[in-house]
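Take a look at the structure set out below.
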There are 4 protein chains.
Amino acid sequence: MAATDLPDRRADPARLAPEDASTIAAQPSPATGSTGNARTTGSPATGSTGSRSAGSRRSEAARLAVLNAADDLLVEHGFEGLTIEGIAAAAGVAKQTIYRWWKSKVDILFDNLVLDAGTALGWPEHPSGPADVRAYVHRFAAFLGEDPAGRVLQALLGHAQLDPRTAELLHSGFLDELRARDVAHVRTCLGLADDDRAAVVLDAVLAPLYHRALVLRRPLDAAFVDALLDQQLDEQPAR
Amino acid sequence: MAATDLPDRRADPARLAPEDASTIAAQPSPATGSTGNARTTGSPATGSTGSRSAGSRRSEAARLAVLNAADDLLVEHGFEGLTIEGIAAAAGVAKQTIYRWWKSKVDILFDNLVLDAGTALGWPEHPSGPADVRAYVHRFAAFLGEDPAGRVLQALLGHAQLDPRTAELLHSGFLDELRARDVAHVRTCLGLADDDRAAVVLDAVLAPLYHRALVLRRPLDAAFVDALLDQQLDEQPAR
Amino acid sequence: MAATDLPDRRADPARLAPEDASTIAAQPSPATGSTGNARTTGSPATGSTGSRSAGSRRSEAARLAVLNAADDLLVEHGFEGLTIEGIAAAAGVAKQTIYRWWKSKVDILFDNLVLDAGTALGWPEHPSGPADVRAYVHRFAAFLGEDPAGRVLQALLGHAQLDPRTAELLHSGFLDELRARDVAHVRTCLGLADDDRAAVVLDAVLAPLYHRALVLRRPLDAAFVDALLDQQLDEQPAR
Amino acid sequence: MAATDLPDRRADPARLAPEDASTIAAQPSPATGSTGNARTTGSPATGSTGSRSAGSRRSEAARLAVLNAADDLLVEHGFEGLTIEGIAAAAGVAKQTIYRWWKSKVDILFDNLVLDAGTALGWPEHPSGPADVRAYVHRFAAFLGEDPAGRVLQALLGHAQLDPRTAELLHSGFLDELRARDVAHVRTCLGLADDDRAAVVLDAVLAPLYHRALVLRRPLDAAFVDALLDQQLDEQPAR
DNA sequence: TCATAAGCGAGACGGTACGTCACGTCTTGCG
DNA sequence: CGCAAGACGTGACGTACCGTCTCGCTTATGA
């Protein structure tokens, strides 16, 4: 079950070697949003010719340290207690190094979200039936409800309610793409006629999850998810 | 259509037990949460026996100025741009006067929410049929999606994702009560057997609204609400 | 030998009780230059009606702590090593408290200069003869050359070469006044016909002192000063 | 009137011993103070035997660009606004290139001073009479008071009051030597018995100039200089 | 009736974090 | 090896608000 098309930048060499044209990963440039910054476990990707003329490249170690520190501190102190200076200190990095590459703590969290969601919210390579949808929804519920990495999504969703720029980033940078992909897969798996119909099904499943997580603050236990799926998916074919 | 049981605290300092007259007279004590602070149009509540020995009572004008200023500034500058000092300046009030009665800007907004929701989210005095439910849901959608006063709910819901204390205040001080009331009314109007069943119906209607408002960020137009109601309400009796 | 007309604000109640109209001491207002701020040893001077309407007054303790800390740190680390943050830390004061009342470290040093010069560069109350001039010049040389408080003057004179705003402050706020007073006293003591002639004598004495201190960096020992005075003063009457 | 003995280092890397040809060939070594760096109009000094084994030599273009940029920026933004990064940018040079050859902006300015003073403060090749002294003093006054290049001397004199290292550099690297040369020439021109007597005359002339320029901030106009010279020079022979 | 104690405006204060600037060191390719 | 480019750790800058704290003034009791 490999992650497919949600841009998983985990070991994505696209950052420096854009031979993979299929993803959106823009060439990173200092603090112009937050694209293309994600935790990499791979090598520094020195293979390409690089468009940068000369000089020292961005420190991979610093980037990873910042992302991880932000994640840790978010869990530890919450979003409000999350501080650029705190991240810098925890990451052993200079404040200016953070500001060079990210515009705000939201930006840093966003990069973490893209990374973690790429890991946690994958679809099978060739999704083929309702069972794949069920599995994905369970995965989604686990991410949103329990996964510590899901805290980032929760925080960003919350902050998007408070700040239009966060909303814009979150939607056009992540949620829209996620949704488009999910709609397509649902359509395929359920054999639906068009995307609109698939979107209706997807919303019917996801809305209660978001509602329960964000508004009711109750756990998204497997039983709940299963009941939801039984109700929404089984009646679909009947239509 | 007078507001009924959602505690409209316009002139009512007792927040959680409206029927319990014994607690009504208690003058709100400084900054013990956010109880008893709401915009009042009536008199300064002189009816009580007052445990205060002497001196001037709380200034009603100041309280109203603060609440209104907070509302205005929230709309104008957003939650992040909302500051205690800004509210104090806009309200023509000393900072200390705010801190004497509220613990934080969340607290102020919460009072505004209680007040505005009391106005906007009322049920008819004797709700009696599905039509009342439909009307209420439309009202709710309008509040959540368009009403400038609904911005407060949106902001607090967002902030509740970031701060457990806000979540606690919002839920046990407002959402739980709102939900209990709505469940009861839905049960009555639809003639359902028990509260659990009513809660299921309520959630089935509200979840898509919240989802659309908070996650999808699309307008809650009347057509959408009607379609939702048609789907969820009409099929319920059939069960 | 009491200080006369150089505004000695040491224990000058003029800051809050301007019954002494002869001095320039303006009513202090936050960070509008640096007038009227100097170390006071007296009481908080509550006798007057004060133009400030209400609220807490400026903390005398903080003001003194800042001035003294700046003085100490200047001697210890030099002008370049003098830092607002360092002063704040050494004074046990918040940085903002400094910025509230002074615009820059130059401003703080200027206040110290006014204070210290008032102490060190006084004339006798009724200067009457060449001996008073001689005594004053010796005092001046000691101040410029040895007195740790003279370091402030040296630093400000140096910085005035680098920054026009410092130059402006130092001249119109201190040096011009000092010079006018000295010219008048010299004229009186030496029985000169007009101020221009007195200014020539004064310059003839002070120029070598400044030159030696600032340019040659040699000590202004008493022998040098005496020789200078012998040469310049004794021949003057002959003219 | 060719410049004579104030070491005009235009094409002369040996600073302290102009007559000593043995040290001339030494290529300046990186950042060991500020020796040997001055604007050259001639060739890159290829006459020497070059001790460097291989690799590229110091870029003459870069050196000139830095010195000129520093001069321009000093006039434009003042000493405080003068920045290594600003110089580098204005000179089209990498920051490291500056740090390789100079230790600080003071160092760069010092090189400019040595260069400009060499040009502006020359004596005739064989000074012979009081007229030469008068001419030199006029030249000096013009340099100190008007010449944009004199801004450098003013800035360094000012900064020397703030920083002992600058003072040390300025004195032992420039002022002492300048003074020694001037004393010798004055002695010759005025036919004085010894250097001490010449130094007294020199100081008597220069002190008022420095005083007027640095402390009084008044223009050093020709009339003032002439009056000064009349007074100090004409009475000297009488002694 | 009036002292008296609280509410209130004003705003100074010690703090924390912000986002920016420049420092001086370093590393990386190019020539 | 010099150099352009520029990332990096460092530290100070000046600002914005925080929440607490005094001040006098005003005002409505309740002794």
Side-chain angles (χ1 to χ4, degrees), chain A residues 30-31 46 50 52-59 61-63 81-86 88 92-101 103-105, chain B residues 30-31 44 46 50 52-59 61-62 81-86 88-89 91-101 103-105, chain C residues 30 46 50 52-59 61-63 81-86 88 91-101 103-105, chain D residues 30 52-59 61-62 81-86 88-89 91-101 103-105:
Chain A
T46 47
R52 228 173 261 287
S53 56
S56 47
R57 300 289 192 275
R58 175 173 185 180
S59 160
R63 210 186 94 247
L82 189 61
T83 282
I84 297 276
E85 296 200 335
V93 142
K95 198 166 41 153
Q96 189 55 47
T97 296
I98 295 185
Y99 281 109
R100 192 170 3 249
W101 300 106
K103 282 187 314 194
S104 62
K105 64 179 178 179
Chain B
T46 48
R52 277 174 204 289
S53 55
S56 46
R57 296 291 190 277
R58 174 174 187 180
S59 160
L82 190 62
T83 62
I84 298 277
E85 297 200 334
V93 141
K95 205 165 39 151
Q96 186 55 43
T97 298
I98 295 185
Y99 281 108
R100 191 169 4 249
W101 300 105
K103 284 187 313 192
S104 63
K105 65 178 177 178
Chain C
T46 48
R52 229 172 260 287
S53 57
S56 46
R57 300 290 192 276
R58 174 172 186 181
S59 161
R63 209 187 95 248
L82 189 61
T83 281
I84 297 277
E85 296 200 335
V93 141
K95 198 165 41 153
Q96 188 57 48
T97 295
I98 296 185
Y99 282 108
R100 188 164 14 245
W101 300 106
K103 283 186 313 193
S104 62
K105 64 179 178 179
Chain D
R52 276 174 204 289
S53 55
S56 45
R57 296 292 189 278
R58 174 173 188 181
S59 158
L82 189 61
T83 283
I84 296 279
E85 296 200 337
V93 141
K95 205 164 38 149
Q96 187 54 44
T97 297
I98 296 184
Y99 281 109
R100 189 165 10 245
W101 300 106
K103 283 188 314 192
S104 64
K105 65 179 178 179

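First the proteins, then the strands, lettered A, B, ... as listed; each starts at 1.
Between the CZ atom of A/R57 and the P atom of E/dT28 there is a distance of 10 Å, rounded to whole Å. Remark: P of E/dA17 and CD1 of A/I98 are 13 Å apart, rounded to the nearest angstrom.
Note on B/W101: a side-chain N or O is less than 4.0 Å away from OP1 or OP2 of E/dC8. Close to E/dC8, at under 4.0 Å from its OP1 or OP2, lies a side-chain N or O of B/S59.
In plain terms, the two heavy atoms of B/S59 and B/A62 that are nearest each other are OG-N, 3.0 Å. Closest heavy-atom contact between C/A88 and C/A94: CB-C, 4.3 Å.
For C/E85, the side chain to side chain donor-acceptor pair (under 3.5 Å) partners at least two apart in sequence or on another chain are C/K95. Evaluation of the side chain to side chain donor-acceptor pair (under 3.5 Å) rule for B/K105 yields no partner, not counting sequence neighbours.
Within the model, atoms CD1 of D/I84 and CD of D/Q96 stand 11.0 Å from one another, a figure rounded to the nearest 0.5 Å.
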Inset, instruction - If a protein heavy atom is under 4.0 Å from the base, mark B; if only from the sugar-phosphate, S; if neither, -; do that for nucleotides 9-15 of chain F going 5' to 3'. - result: BB-SBBB
